[in-house]
Amino acid sequence: MTDEIRVRIAPSPSGNLHIGTARTALFNYLYAKKTGGKFILRIEDTDAERTKQEYIDNIFDSLKALGLNWDEGPDVGGNYGPYTQSERFDIYPKYAKMLLDNGYAYECWCTNEELEREKEEAVKNHKAYVYSRKCLNITPELREQYIKEGRKPSIRFKVDHRELTFNDMVKGELKFDTSLIGDFVIMKSNGTPTYNFAVVIDDMLMKISHIIRGEDHISNTPKQILIYEALGAKVPEFGHLGMILAPDRSKLSKRHGATAVSDFVKEGYLTDALINFVALLGWSPSDGHEIKTVDEIAQDFRINEISSSNSIFEYDKLNWMNGQYIKKMDIKKLTDMIIPFLSDYDLSELSREKLEKMVEITREPLTTLKEIKDDVPYFFGESVPLDEVKELLTTELSINVLNRFNELAQKWNFEDEEEIHNDLADLRTEFKEKFGYKPKETMWAIRAAVTGRTRGADMAGILVIIGKDKTLKRTNEALHIKAGV
RNA sequence: GCCCCCAUCGUCUAGAGGCCUAGGACAACACCCUUUCACGGUGUAGACAGCGAUUCGAAUUCGCUUGGGGGUACCA
């Protein structure tokens, strides 16, 4: 029972859920799924200044939208709560005192200025900065004096000098010389724990067995291991993932565009595609099939096979993948998701059935949902602007086609797409045989008249959605524009 | 400055000493399909950062160099 696998994601709510955090969450989730372990969500809101409730909500919503559901967390509870760090403030001093009493930590009365000076000295001598231990053996008299002055001590962890090694699940053996670390602060003088201390206490108490996180935490790891050991706790396994970089190889930040999962959703990306894409950053399927659900990925997942290098976030493949998901998605669901992107149009003009039809015939070229907006204006309104196709419509060919079309379409059944499809095919053949018009030339005339464009969705589908009256109205209007005007 | 991590096509990657004249996906380009755009199909081009060492043999092991990333806080 003590061997239960427990992993966690511990975002700090100082912003919306970052795509990088989402990837870390995914790998944790996959590991839990694969091993039958538990996936835990902990909110690290220690930094009251930057924490906002809307960010907490965003983190919850994004994780859920991505399908990364947690077994224990602030909202669902669990046996090792509370799962919100700000509710755990009374826990940390107890453990700090324990370390103090056992000689693993000591009070430090140094001021920022003193510390600053030590640091400058270190860079000047081309040495790593290590705290001087000035306060390690402070005399009781001096201590008294500091207290009288009103100074408040921080608590430092005493770092013994030795070589520390651990076996990283993704990077392999990692070595550190702890003499380069220096005695670090675990409790600030204001009584709150530092990050490195709080995580260890939380992870220990929550019985986290495997810590999978970004490689920006590698240098924190030896410090944390030291604390675990001093506390006599079992040291968890660690696995450090490479980071996601922007195309310019810098950290992915707001100036590169979308960074939060919710930003991507607003841009018209599907969460299924997003999570699939992000899984491929560092992981690759053994069967070569890259389009997979999270559960399918979990089956195939091996943490030691994750790439240990950084990867660059490029939109090309995401776009392709998003398009793949759009093409395969259930049409009703897709329509629901697309509606918010159609706010420019009066959707009451179309029945739900026709709206779905419209989505079905226009989804093919989409890469993001957002793009549909520019592809569908001709489905709405009575007339359509013809400026861009004026020349095309005033050719003899077009006039011929449109006249004949008007004549024939009177009798066509606009309710039946397949029939219309065949009628159009007949029309093409007729003009090809009689006048040698190319099939696409015939179609261009009709398309231009009805949609005001030379490209777009399948004509038969368009005609069915627009209906006979509006179609003929538009073709007549097209016949009345004059050449060169 | 100091410490740590990383290094295969433009990008994501396969590759765990001979199976590699280095495979796939996206992007690019060409052609085919076709009522347009697209989708789809078929092809083309494109990489082991450099140098040493180990070995009969290295993309795969080791060292150095270079390049990139991260950390260096009483932030998380």
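Chain letters run A, B, ... following the sequence lines, proteins first and then strands; every chain starts at 1.
For A:His210 and A:Phe27, the gap between ring centers reaches or exceeds 6.0 Å.
Atom CD1 in A:Ile306 sits roughly 18 Å away from atom P in B:C5 (whole-Å rounding). Atom CD of A:Glu113 is separated from atom P of B:C74 by 13 Å (rounded to the nearest Å). For the pair A:Ile218 CD1 and B:G71 P, the computed distance is 11 Å after rounding to whole Å. One interatomic measurement links the two molecules: CZ of A:Arg302 to C1' of B:U13, which rounds to 17 Å at whole-angstrom precision. Atom-to-atom, CD1 of A:Ile186 to C1' of B:C75 comes out at 17 Å; the value is rounded to the nearest Å.
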Summary of protein contacts for nucleotides 58-69 of chain B, nucleotide by nucleotide, where a base hit scores B, a sugar-phosphate-only hit scores S (4.0 Å, heavy atoms) | -----------S
Summarise how protein sits on nucleotides 22-28 of chain B as a single string, 5' to 3': B when a protein heavy atom is under 4.0 Å from the base, S for sugar-phosphate-only contact, - for no contact.
-> --BBSS-
Scan nucleotides 32-37 of chain B nucleotide by nucleotide, 5' to 3', and note B when protein non-hydrogen atoms come under 4.0 Å of the base, S if they reach only the sugar-phosphate, - if neither.
-> ---BBB
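Here the rule is side-chain contact (heavy atoms from CB on, under 4.5 Å) with A:Met321, and of A:Asp316, A:Thr367, A:Leu274, A:Leu280 only A:Leu280 fits it. Checking A:Val278, A:Ile244, A:Ile9 one by one against A:Thr24, the side-chain contact (heavy atoms from CB on, under 4.5 Å) holds for a single residue, A:Ile9. Partner of A:Gln85 under the side-chain hydrogen bond (donor to acceptor under 3.5 Å, both in side chains) criterion, chosen from A:Thr46, A:Asp47, A:Thr51: A:Thr46.
Legend: residues meeting ring pair (Phe, Tyr, Trp, His ring centres under 6.0 Å) with A:Phe431, ordered by chain and number and at least two apart, are A:Phe435, A:Tyr437. Contacts of A:Phe277 classified as ring pair (Phe, Tyr, Trp, His ring centres under 6.0 Å), with partners at least two apart in sequence or in another chain: A:Phe313. A:Tyr106 pairs by the ring pair (Phe, Tyr, Trp, His ring centres under 6.0 Å) definition with nothing, not counting sequence neighbours. Evaluation of the side-chain hydrogen bond (donor to acceptor under 3.5 Å, both in side chains) rule for A:Glu371 yields no partner, not counting sequence neighbours. In this structure A:Tyr325 satisfies the ring pair (Phe, Tyr, Trp, His ring centres under 6.0 Å) test with no other residue, sequence neighbours excluded.
Summarising the base pairing, B:U42 is matched to B:A30 through a Watson-Crick or G-U wobble pair whose two defining distances lie under 3.5 Å. Of the nucleotides present, B:C6 is the one that pairs with B:G67 by Watson-Crick or G-U wobble criteria, both distances under 3.5 Å. Checking B:U21 for Watson-Crick or G-U wobble geometry (two distances, each under 3.5 Å) identifies no partner in any strand. Pairing for B:G57 is absent, with no Watson-Crick or G-U wobble pair whose two atom distances lie under 3.5 Å. Nucleotide B:A14 forms no Watson-Crick or G-U wobble pair with any nucleotide shown, as no partner meets the under 3.5 Å limit on both distances.
When the C1' atom is compared between B:U8 and B:A14, the two are found 10 Å apart, to the nearest whole Å. Taking atom C1' in both B:C37 and B:C19, the straight-line distance is 45 Å, to the nearest Å. Using C1' as the reference atom, B:G70 and B:A76 are 15 Å apart when rounded to the nearest Å. B:G23 sits 29 Å from B:A38 when the P atoms are compared, rounded to a whole Å. Distance check on atom P: B:G15 versus B:C9 gives 16 Å, rounded to whole Å. For the P atom pair drawn from B:A7 and B:G43, the interatomic distance equals 33 Å after rounding to whole Å. Only the C1' atoms considered, B:C48 is 15 Å distant from B:A16, to the nearest whole Å. Here the separation of B:C2 from B:U61, taken at their P atoms, is 28 Å to the nearest Å.
Salt-bridge annotation for A:Glu114 and A:Arg151: present, with a side-chain N of the basic residue lying under 4.0 Å from a carboxylate O of the acidic one.
Pairs passing the side chain to side chain donor-acceptor pair (under 3.5 Å) check and including a residue from residues 87-100 of chain A, sequence neighbours excluded, read A:Arg88-A:Asp202, A:Tyr92-A:Asp202, A:Lys97-A:Asp101.
Across all their heavy atoms, A:Ala478 and A:Leu386 have their closest contact at CA-CD1, 3.9 Å. For A:Ile186 against A:Phe197, the heavy-atom pair with the smallest separation is O-CB, 3.5 Å.
For the pair A:Thr475 (side chain) and A:Thr471 (backbone), a donor-acceptor distance under 3.5 Å is present.
Neither OP1 nor OP2 of B:C5 sits under 4.0 Å from any side-chain N or O of A:Ser309. The side chain of A:Lys119 places an N or O atom within less than 4.0 Å of a non-bridging phosphate oxygen (OP1 or OP2) of B:A73. Contact between the side-chain N/O atoms of A:Lys188 and the OP1/OP2 oxygens of B:A76 is found at a separation under 4.0 Å.
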For A:Arg117 and A:Ser132, run side chain to side chain donor-acceptor pair (under 3.5 Å): C-alpha distance rounded to whole Å, both residues' side-chain angles, the deciding distance at 0.1 Å, then the answer.
-> CA-CA 11 Å; A:Arg117 234 171 293 137; A:Ser132 66; over 6 Å; no
Can you list the steps and then say if A:Gln224 with A:Asn196 is a side chain to side chain donor-acceptor pair (under 3.5 Å)?
-> CA-CA 6 Å; A:Gln224 296 173 189; A:Asn196 277 123; 2.8 Å; yes
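By the neighbour-count criterion of 12 heavy atoms within 6.0 Å, atom NZ of A:Lys327 is densely surrounded, having more than that number from other residues, nucleotides or ligands. The number of heavy-atom neighbours closer than 6.0 Å to NZ of A:Lys134, taken from other residues, nucleotides and ligands shown, is above 12.
Counting distance only, with no hydrogens placed and no angle test, the side-chain atoms of A:Ser219 and the base atoms of B:C4 include no donor-acceptor pair under 3.5 Å.
Using a 4.0 Å heavy-atom criterion, one finds that A:Asn319 contacts no nucleic acid atom at all. A:Ser308 comes within 4.0 angstrom of sugar-phosphate atoms only, judged by non-hydrogen atoms across all strands, and of no base. Contacts of A:Thr46 with the nucleic acid, taken as non-hydrogen atoms under 4.0 Å apart, involve only primed sugar atoms and P, OP1 or OP2.
Looking at A:Thr84 and A:Ser86, their side chains never bring a donor and an acceptor atom within 3.5 Å of each other. For the residue pair A:Gln53 and A:Asp57, a side-chain donor N or O sits within less than 3.5 Å of a side-chain acceptor on the partner. In the model, A:Thr442 has no side-chain atom that pairs as donor or acceptor with a side-chain atom of A:Arg404 under 3.5 Å.
Within residues 322-331 of chain A, the residues having any heavy atom under 4.0 Å from RNA chain B are, by residue number, A:Gln324, A:Lys327. Scanning residues 162-174 of chain A for heavy-atom distances under 4.0 Å to RNA chain B yields A:Lys171, A:Leu174.
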Would you list the protein and nucleotides 41-45 of chain B atom pairs, both N or O, that sit under 3.5 Å from each other?
none

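Relative to the side chain of A:Ser189, the nucleotides B:U11, B:C74, B:A73 differ in distance, and B:C74 lies closest.
In terms of position along RNA chain B, the nucleotide closest to A:Lys127 lies nearer the 5' end than the nucleotide closest to the other residue of the pair A:Lys127 and A:Pro193. Nearest-nucleotide positions on RNA chain B for A:Phe184 and A:Ala128 put A:Ala128 closer to the 5' end.
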